[in-house]
J.: 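Let me begin by handing over the structure; questions about it come next.
For the single chain, residues carry numbers from 1 onward in sequence order. Keep in mind that the numbers below use all heavy atoms, side chains included, and drop hydrogens, waters and symmetry copies.
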Amino acid sequence: MATRPNQKTGHRRSRGREAKRLLRDREIVRKLRLLVTEAERRHAQFGEAIEPLSVFYGKEDKPASWDLTPFPLGKQGNGKPMPQWEDLSQWMKVTMATIVCNEWDLLTFNINLHPGLELELVAKGKVRPHLSERVRKHLSRSIGVGREYFFVIEGHSKNSGTPTHLHMHGAIATYDAAERRKIENALAKSAGHDVRGNSRIPRAVHLDWFKVMQIAYPNYLFKFTLRDDPRLDSRRLVMSRSMTQAAKMFWNDIARPDLS
């Protein structure tokens, strides 16, 4: 019990650091969006169709003199070097991952944990790592290892903002539309449904195809992550290794502190 105040202090400090990163990263995204608009103008100038990520990378088969993109970017708006991947907010990492997923079809999900599993994980402590391992295990069994996905764990109602059951919402890359049912079943099992005699609770599992990349999506995912929840620690994001690698590589390509 003596460590409890220190744990709370540590959580507050962690949330404070994350809040500062978030403010900085929102400003960076505003600048990135301006550059994307400029890249779209340059594509139109040369009559070039916009392809996945071409506003960031240009097109290798076109003359370098066309300069289809203003990226990479070395400085923030305040003149400071762009931050390293490790120093990005969780919100920013998901924003980068969502952009990268323009290369694939992205399936979003919102799944309530089965009450029995929630009680079990909360009693064990460290809900995030236990749930992360369950998702990895069930997806690997269903569609193979190495799939790109991310999700956020929260326990507040999106309508009232009041505490409610724990749930996870995020997105996963799909290579074939026929995978949808396998993915749905794997995610449902990872959340405690349809396993060990626990039938699926009605309306507990929702999936939908991601349509348009907008900042509103990561805003939605992280709307409650800075709120206290005794069942969770300050880290609410889970991102698969393959998704982390893809998003980190993308960030390192478009944000280059060495250019500052």
Side-chain angles (χ1 to χ4, degrees), residues 36 43 48-61 85 90 93-114 117 128 130-154 167-196 198-222 237-254:
V36 167
H43 278 64
E48 283 295 314
I50 295 175
E51 299 174 356
L53 304 183
S54 67
V55 294
F56 300 101
Y57 291 105
K59 298 183 179 181
E60 292 183 355
D61 61 339
W85 169 264
Q90 296 180 78
K93 289 178 178 179
V94 165
T95 300
M96 295 301 104
T98 307
I99 294 174
V100 167
C101 285
N102 279 323
E103 294 187 278
W104 310 296
D105 287 325
L106 197 61
L107 188 61
T108 65
F109 56 87
N110 191 332
I111 302 178
N112 300 333
L113 268 63
H114 191 282
L117 179 64
R128 189 186 68 87
H130 285 292
L131 190 56
S132 173
E133 177 58 21
R134 289 180 63 91
V135 171
R136 185 201 63 78
K137 178 180 69 176
H138 284 288
L139 284 175
S140 296
R141 288 176 178 175
S142 181
I143 58 175
V145 299
R147 186 58 59 93
E148 298 83 0
Y149 63 85
F150 59 82
F151 62 89
V152 173
I153 308 166
E154 68 174 25
H167 48 285
M168 57 179 180
H169 49 178
I172 180 171
T174 62
Y175 307 155
D176 185 337
E179 292 182 324
R180 176 170 177 157
R181 180 56 61 86
K182 290 183 178 180
I183 291 172
E184 177 181 336
N185 291 338
L187 291 173
K189 289 179 179 178
S190 70
H193 303 275
D194 301 330
V195 292
R196 296 187 298 183
N198 293 332
S199 57
R200 187 179 303 192
I201 295 176
R203 300 184 298 279
V205 180
H206 303 270
L207 285 84
D208 196 9
W209 294 107
F210 187 81
K211 297 177 176 61
V212 181
M213 169 55 201
Q214 295 178 338
I215 298 303
Y217 180 65
N219 285 347
Y220 164 72
L221 290 184
F222 287 95
L237 172 65
V238 172
M239 187 176 288
S240 68
R241 181 176 299 179
S242 55
M243 180 65 89
T244 299
Q245 290 173 341
K248 181 178 180 179
M249 184 179 298
F250 173 67
W251 175 254
N252 289 341
D253 285 343
I254 69 167

J.: Does Phe150 reach the side chain of Leu221, with side-chain heavy atoms less than 4.5 Å apart?
T.: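 They are in side-chain contact.
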
J.: Does Asn112 offer a backbone N or O that forms a donor-acceptor pair with the side chain of His193 under 3.5 Å?
T.: yes

J.: Under 3.5 Å, side chain of Arg128 to main-chain N/O of Leu237, donor-acceptor pair present?
T.: yes

J.: So, are Glu179 and Lys182 salt-bridged, with charged N and O less than 4.0 Å apart?
T.: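 No, no charged N to carboxylate O under 4.0 Å.
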
J.: Please work out whether the ring planes of Tyr149 and Phe151 are parallel, tilted or perpendicular, with thresholds of 30° and 60°.
T.: parallel

J.: Heavy atoms, side chains only, cut-off 4.5 Å: are Phe109 and Glu184 in contact?
T.: no

J.: Can you tell me if NZ on Lys59 sees more than 12 non-hydrogen neighbours from other groups inside 6.0 Å?
T.: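 Counting neighbours around NZ of Lys59, more than 12 heavy atoms of other residues, nucleotides or ligands fall under 6.0 Å, so yes.
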
J.: Show the nearest heavy-atom pair for residues Val94 and Pro218, with the distance to one decimal.
T.: CG1-CB, 4.2 Å

J.: Taking His138's backbone N and O only, do any of them form a donor-acceptor pair with Ser142's side chain (distance below 3.5 Å, no angle check)?
T.: no

J.: Determine whether the side chains of His43 and Ser54 contain a donor N or O and an acceptor N or O closer than 3.5 Å.
T.: yes

J.: Quick check: closest heavy atoms across Asp194 and Ala188, and the distance to 0.1 Å?
T.: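 Heavy atoms only, the tightest pair is OD2-CB, 4.4 Å.
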
J.: Taking Thr244 for its side chain and Ser240 for its backbone only, find out whether a donor-acceptor pair lies under 3.5 Å.
T.: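 The answer is yes, because a donor-acceptor pair under 3.5 Å joins these two groups.
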
J.: If you measure from NE2 on His114 to OG on Ser199, what distance do you get to the nearest 0.5 Å?
T.: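 Going from NE2 on His114 over to OG on Ser199, the span is 6.0 Å.
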
J.: If you define the side chain from C-beta out and look only at heavy atoms, does anything of His206 sit under 4.5 Å from Ile111?
T.: no

J.: Determine whether Ile99 and Phe250 satisfy the following criterion, side-chain contact (heavy atoms from CB on, under 4.5 Å), listing intermediate values before the conclusion.
T.: CA-CA 9 Å; Ile99 294 174; Phe250 173 67; 3.7 Å; yes

J.: Would Arg180 and Asn185 satisfy side-chain hydrogen bond (donor to acceptor under 3.5 Å, both in side chains), going step by step from the backbone distance to the final call?
T.: CA-CA 9 Å; Arg180 176 170 177 157; Asn185 291 338; over 6 Å; no

J.: Can a donor-acceptor pair be found between the side chains of Glu148 and Tyr175 at a distance below 3.5 Å?
T.: yes

J.: Could you report the tightest heavy-atom contact between Met168 and Leu187, atom names first, then the distance?
T.: CE-O, 3.8 Å

J.: Looking at Val100 and Ala247, what are the two nearest heavy atoms and their distance?
T.: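 Taking every non-hydrogen atom into account, CG2-CA, 4.0 Å.
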
J.: How many angstroms lie between atom CD1 of Ile172 and atom CD1 of Ile183, to the nearest 0.5 angstrom?
T.: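 The distance works out to 4.0 Å.
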
J.: I'd like to know if the side chain of Ser242 and the backbone of Arg147 have a donor-acceptor N/O pair within less than 3.5 Å.
T.: yes

J.: Backbone N or O of Asp208 within a donor-acceptor pair of the Thr108 side chain at under 3.5 Å?
T.: yes

J.: Taking side chain as C-beta onward, heavy atoms only, is His130 less than 4.5 Å from Arg134?
T.: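 No, their side chains stay 4.5 Å or more apart.
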
J.: Using a 4.5 Å cut-off on heavy atoms from C-beta on, say whether the side chain of Leu107 contacts that of Trp209.
T.: yes

J.: Kindly give the heavy-atom pair with the smallest separation between Leu106 and Cys101, and that separation in Å.
T.: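 In terms of heavy atoms, the two residues are closest at CD1-SG, 3.5 Å.
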
J.: Do Glu154 and Phe222 touch side chain to side chain, with heavy atoms closer than 4.5 Å?
T.: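 SC-SC contact between Glu154 and Phe222 ruled out.
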
J.: First locate atom CG of Leu117, then atom CG of Leu131, and finally report the distance between them rounded to the nearest 0.5 Å.
T.: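 Answer rounded to 0.5 Å: 7.0 Å.
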
J.: Is it true that, when you exclude Lys189 itself, more than 12 heavy atoms of the residues, nucleotides or ligands shown sit nearer than 6.0 Å to its NZ?
T.: no

J.: As an exercise, state the distance from CE of Met96 to NZ of Lys248, rounded to the nearest 0.5 Å.
T.: 15.0 Å

J.: Please assess Asn110 against Tyr220 for the test side-chain contact (heavy atoms from CB on, under 4.5 Å), listing each intermediate value before the final yes or no.
T.: CA-CA 12 Å; Asn110 191 332; Tyr220 164 72; 3.1 Å; yes

